[in-house]
Amino acid sequence: MLLMGKINKIGVLTSGGDAPGMNAAIRSVVRTCAYYNVECIGVMQGFQGLIEGQYETLNARSVSNIINRGGTILKSARSLEFKTKEGRKKAYDNFKEYGLDSLVVIGGDGSFTGAMLFQKEFGVPVIGIPGTIDNDIYGSDLTLGYDTAMNTVMEAIDKIRDTASSHNRLFFIEVMGRDAGFIALNTGIAGGAEEILIPEENLGLERLIESLKTSSRSGKSSSIVIVAEGEKSGKNVFELAEFVEDHFEEYEVKVSVLGHIQRGGSPTVVDRVLASRLGVAAVEGLLDGKSNVMVGVICGKVKMTPLQKAIKENNEINRELLRVADIMSV
Ligand code: F6P
């Protein structure tokens, strides 16, 4: 049952790294507010906009034609000032002056930490929506932007493969994932990589050399190694490539760092539907008196997880995928 009446003006902001699907989530929050006759205010520039009072009234029509757009119309920032108590107090004063009574925060665990402090210090009801291409948020099988980023990476691997096989080259492709290997592991399988290096599992450089030697002996003339940026070999992707080149005369080794291309682009069906579902769940959650939780999808169902837990715990890598990757590279 929705407890209408207590919540009349919901703020929504995007914070941290942008991710495809954030616009679709903003649209969903705004339209769900319109559906329930609740006012919705867009806060620009993440928590910094909260401090500076950068607010914009949004209605159902203000979010037309954005479901297909990457990035975030509300813009995003990593606010240092919001990390201070004074900064948060300023934000709260503006928030109250504007008549806001609750907040939806779309972002990653840094953003949720800010949201949690805001809730704790001023009693403002907050709900989080997980938005990051890294998929490293506990409490949702998928985060906004992850599926789109993976498809972008897979297309890039397919293209690089054309050159790798035409020139007998060994390519090291670095993908995003500061602390998590979800993008690397899944796109590595989808793109037919020989080896996948992820932060969750450091098998060592010897094993990498051994595996590439086995591939070469089995008749492979080109190979692709996917490297998550946060992997733990102790070498960056260029050093890794140099190290491997010293062991292989037969291969020319090249490096391709995909970088921020992975964060942009039109969201996939999966991300648009996820964003739409989570936006509805966040607003309905606030209207239902919920706070300090993140909405996510677990085994196909919308679930709420305490923000504290979403921040503290980790999404586990599926070890079956490691085994599949291993078998596929035979
Ligand atoms: O957290 C998402 C992410 O894309 C990471 O994979 C990456 O390490 C980081 O953001 C890059 O952040 P920035 O855009 O600030 O350089």
Side-chain angles (χ1 to χ4, degrees), residues 13-25 45-49 70-83 105-115 128-157 172-188 191 196-201 226-238 240 255-268 270-271 274-275 278 294 296 307 310-315 317:
L13 62 81
T14 48
S15 163
D18 66 324
M22 280 184 164
N23 276 329
Q45 312 277 1
F47 290 113
Q48 196 55 34
T72 156
I73 58 161
L74 295 179
K75 301 189 182 290
S76 188
R78 294 187 166 118
S79 169
L80 292 178
E81 202 180 347
F82 197 77
K83 291 191 172 163
V105 173
I106 307 169
D109 46 13
S111 315
F112 294 162
T113 304
I129 295 179
T132 163
I133 65 162
D134 290 357
N135 203 39
D136 58 349
I137 310 275
Y138 181 86
S140 192
D141 293 342
L142 296 174
T143 57
L144 297 181
Y146 169 55
D147 186 68
T148 305
M150 285 198 297
N151 280 289
T152 303
V153 171
M154 190 186 68
E155 274 182 33
I157 298 173
F172 278 77
I173 303 177
E174 186 192 272
V175 302
M176 277 188 171
R178 202 173 13 206
D179 306 304
F182 293 99
I183 295 179
L185 184 52
N186 285 278
T187 60
I196 304 166
L197 309 185
I198 56 174
E200 292 86 344
E201 185 161 90
I226 302 296
V227 183
E229 62 178 347
E231 68 84 33
K232 299 280 190 285
S233 69
K235 292 189 188 293
N236 68 35
V237 69
F238 294 98
L240 270 174
V255 174
S256 189
V257 176
L258 300 187
H260 285 81
I261 191 174
Q262 297 162 89
R263 287 246 295 267
S266 183
T268 57
V270 170
D271 275 325
L274 179 70
L278 296 185
M294 181 196 86
L307 282 177
I311 295 163
K312 252 196 154 171
E313 302 202 12
N314 290 321
N315 258 358
I317 276 289

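Both ligands and their constituent atoms are indexed starting at 1 by order of listing. Values below: every heavy atom of this structure, side chains too, minus hydrogens, waters and symmetry copies.
- With sequence neighbours left out, the salt bridge (Lys or Arg N to Asp or Glu O under 4.0 Å) criterion links E201 to R319.
- Legend: residues meeting side-chain hydrogen bond (donor to acceptor under 3.5 Å, both in side chains) with S266, ordered by chain and number and at least two apart, are R272.
- Pairing each heavy atom of I137 with each of M294, the nearest pair is CG2-SD, 3.4 Å.
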Give a table of atom pairs where an N or O of ligand 1 lies under 3.5 Å from a protein N or O.
| unit_1 | atom_1 | unit_2 | atom_2 | d |
| --- | --- | --- | --- | --- |
| ligand 1 | 1 (O) | D134 | OD2 | 3.1 |
| ligand 1 | 1 (O) | R178 | NH2 | 3.1 |
| ligand 1 | 4 (O) | R263 | NH1 | 2.9 |
| ligand 1 | 6 (O) | D134 | OD1 | 2.8 |
| ligand 1 | 6 (O) | D134 | OD2 | 3.1 |
| ligand 1 | 6 (O) | G177 | N | 3.2 |
| ligand 1 | 6 (O) | E229 | OE2 | 3.1 |
| ligand 1 | 8 (O) | E229 | OE2 | 2.3 |
| ligand 1 | 10 (O) | R263 | NH1 | 3.1 |
| ligand 1 | 14 (O) | H260 | NE2 | 2.8 |
| ligand 1 | 14 (O) | R263 | NH1 | 3.0 |
| ligand 1 | 14 (O) | R263 | NH2 | 3.0 |
| ligand 1 | 15 (O) | R78 | NH1 | 2.4 |
| ligand 1 | 16 (O) | H260 | NE2 | 3.4 |

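- None of I157, T152, V227, I183 except one satisfies the side chain to side chain contact (heavy atoms under 4.5 Å, CB included) rule with V175; the exception is I183.
- Partners of N23 under the side-chain hydrogen bond (donor to acceptor under 3.5 Å, both in side chains) rule, at least two apart in sequence or in another chain, do not exist in this structure.
- The backbone N or O of G259 lies less than 3.5 Å from a partner atom in the side chain of Q262, making a donor-acceptor pair.
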